[in-house]
Protein chains: 2
Amino acid sequence: MTEQPIRREAVSDQLFTLLRDRILTGTLAAGAPMTAERELAAEFGVNRHAVREAVKRLQQARLVEVSHGGRTRVLDWRRTAGLDLAVQLARATGSPTHDLRRDVLEMRASIGADAARLCAARCSRETASEIVGAAAGYVGCGPDLAELAAADVAWWRLVVEGSGNLAYLLAFNTLVDGSLTAGEVPTDLRAAELLDIEGHVRLAALIATHDEDGAEAAARALLARSVPTAPIAPEHEGGQA
Amino acid sequence: MTEQPIRREAVSDQLFTLLRDRILTGTLAAGAPMTAERELAAEFGVNRHAVREAVKRLQQARLVEVSHGGRTRVLDWRRTAGLDLAVQLARATGSPTHDLRRDVLEMRASIGADAARLCAARCSRETASEIVGAAAGYVGCGPDLAELAAADVAWWRLVVEGSGNLAYLLAFNTLVDGSLTAGEVPTDLRAAELLDIEGHVRLAALIATHDEDGAEAAARALLARSVPTAPIAPEHEGGQA
DNA sequence: CGCCCAATCTGGTCCAACCAGTTGACCAGA
DNA sequence: TCTGGTCAACTGGTTGGACCAGATTGGGCG
């Protein structure tokens, strides 16, 4: 029963999405034992291996804890899940919508500013000139926001790589692939930042001159243009409790 | 007798680790097609299902790209992998040597400072008092660094949660579970920070009084104590000044 | 030469069985 | 009564083989 419309998406992927959403929405409460693999297979009319592949992914995402012989338990994803889950949160069916978009942009601003500072401090001369060159090329990008967004991402990648910080680079991948290019953040909301060609060029110059403080400040100013300026509404009791 | 470590790691997990390391070390070059599932199964003398579970995890980690009918391709993890991979990088057999430890601490400092600022700006009165209380309890922690480290993590979790930024919270999980508590960063290297009880208390007070700038500065100062101050010279490629 | 199709690669799914830990009910003995 | 051990019934882990489905390739035919 409960035969859903079978899309052309892999069965195990559909299962993963379904189970993930059940966990994220609390349908499967944290700490509770998860439905047994055989039972899930029967419930959805699929093979147990498909279930296992889905569960394996849940395990890797640290949404569940599997133990041989014992039952698979649901974990508290807010305590265990990693940044990569943010992407999935954005795409989850019961879209949290919430401030995840703002959160991602805030994190991007924080990481980007520090990456710019580190890049100014540590990047090689070749990298610096490459960044300056890319910024110059950024000027030539058409008024198309999508095109600008792509160039912006490519340019920032150079900066983050130049920072020499691998953690920043990996986090950058997560944020970009997950929430920026994936259309989670509409480009028109970032128009102010993307159209600030001069800001890009100036930042590139500051990096090239190894002006750490200047680069950080410029990056922060540039990136802040896309961060929703919290139209107040400071949730007194709303947020977390 | 003396079969001390009854290491019974699942076959698929061993396979995942092995293939992951092959990719991270470049043995399996980016862009190259990966060995076929049937071939891998034969090579390691395991069932194909086990191979599939391992590949499924590689796919989720964005280390490979799987296409039905076509060959599974190895991706350039530096461009596609997410922050969660940082953990795995640290544990990877052929440890990339790279100062991943420094990178993680830098990122922690950046995220932590901004989280403190946001927490001061947005956290509820209840959360603020909870943070102050936890800081007061931090004072009572014994001189044991491990105990201090645990309390430190728990305290910072409150701050990050109070910031209301889900991306920060998830990144915090990744950094903590992956590189801090996992022993990747020896606690003695963080002694200066962990023993700065006063710094914790002061930061808590600043958050409670909604002093954004003060909280950010205090957090940055506190966290900076654990960041290696770049003993390595910036790798300039020589040449002109 | 260029198109089309079929053999044959690849991954995706299924069935059925068995291995290996965990749990808890149950019963014999101290 | 309490302790200890056995055993059945779960749970996840692994195996084998078969088949479905999409992609690739190369040869044959127009």
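The chains referred to below are lettered A, B, ... by the order of the sequence lines, with proteins before strands, and numbering in each begins at 1.
Contact annotation: the side chain of B:Thr127 never approaches that of B:Leu158 to less than 4.5 Å [non-hydrogen atoms, C-beta and beyond].
Listed in residue order, the members of residues 45-55 of chain B having a heavy atom less than 4.0 Å from DNA chain C are B:Arg48, B:His49, B:Arg52. A heavy atom closer than 4.0 Å to some atom of DNA chain C occurs in B:Ala36, B:Glu37, these being the qualifying members of residues 28-37 of chain B.
Pairs of residues two or more places apart, or lying in two chains, that qualify as salt bridge (charged side-chain N to carboxylate O under 4.0 Å, His left out) and include a residue from residues 45-54 of chain B are A:Arg52-B:Glu53, A:Glu53-B:Arg52, B:Glu37-B:Arg48, B:Glu37-B:Arg52. Pairs passing the ring pair (Phe, Tyr, Trp, His ring centres under 6.0 Å) check and including a residue from residues 31-56 of chain B, sequence neighbours excluded, read A:His49-B:His49.
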Inset, instruction - Please step through salt bridge (Lys or Arg N to Asp or Glu O under 4.0 Å) for the pair A:Asp13 and A:Arg20, ending with a clear verdict. - result: CA-CA 10 Å; A:Asp13 291 344; A:Arg20 181 199 62 193; over 6 Å; no

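Considering only residues two or more places apart in sequence or on other chains, A:Val66 meets the side-chain contact (heavy atoms from CB on, under 4.5 Å) condition with A:Val55, A:Gln59, A:Val64, A:Thr72. For the side-chain contact (heavy atoms from CB on, under 4.5 Å) test, residues two or more places apart in sequence or in another chain that qualify with A:Ala81 are A:Leu63, A:Trp77, A:Leu85, B:Leu170. Applying the side-chain contact (heavy atoms from CB on, under 4.5 Å) criterion to A:Ala36, with sequence neighbours excluded, gives A:Glu39. For A:Arg157, the side-chain contact (heavy atoms from CB on, under 4.5 Å) test picks out A:Glu161, A:Leu169, A:Phe172, A:Asn173, B:Arg79, with sequence neighbours left out. By the side chain to side chain donor-acceptor pair (under 3.5 Å) test, B:Glu130 is found to be paired with no residue, residues two or more places apart in sequence or in another chain being considered.
Nearer to the 5' terminus of DNA chain D, by closest-nucleotide assignment, is the contact made by A:Thr72 (compared with the other of A:Thr72 and B:Arg71).
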Distances under 3.5 Å between protein N/O atoms and the N/O atoms of nucleotides 19-24 of chain C, please, pair by pair.
unit_1 : atom_1 : unit_2  : atom_2 : d
C:dA20 : N3     : A:His68 : NE2    : 3.0
C:dG21 : OP1    : B:Arg8  : NE     : 2.4
C:dG21 : OP1    : B:Arg8  : NH1    : 2.9
C:dG21 : OP1    : B:Arg8  : NH2    : 3.4
C:dG21 : N2     : A:Gly69 : O      : 3.3

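From one end of the helix from C:dC1-D:dG30 to C:dA30-D:dT1 to the other, with five pairs defining each end axis, the axis direction shifts by 0° (rounded to 10°).
With a heavy-atom cut-off of 4.0 Å to chain B, the contacted part of DNA chain D has its first and last nucleotide at D:dT14 to D:dA23.
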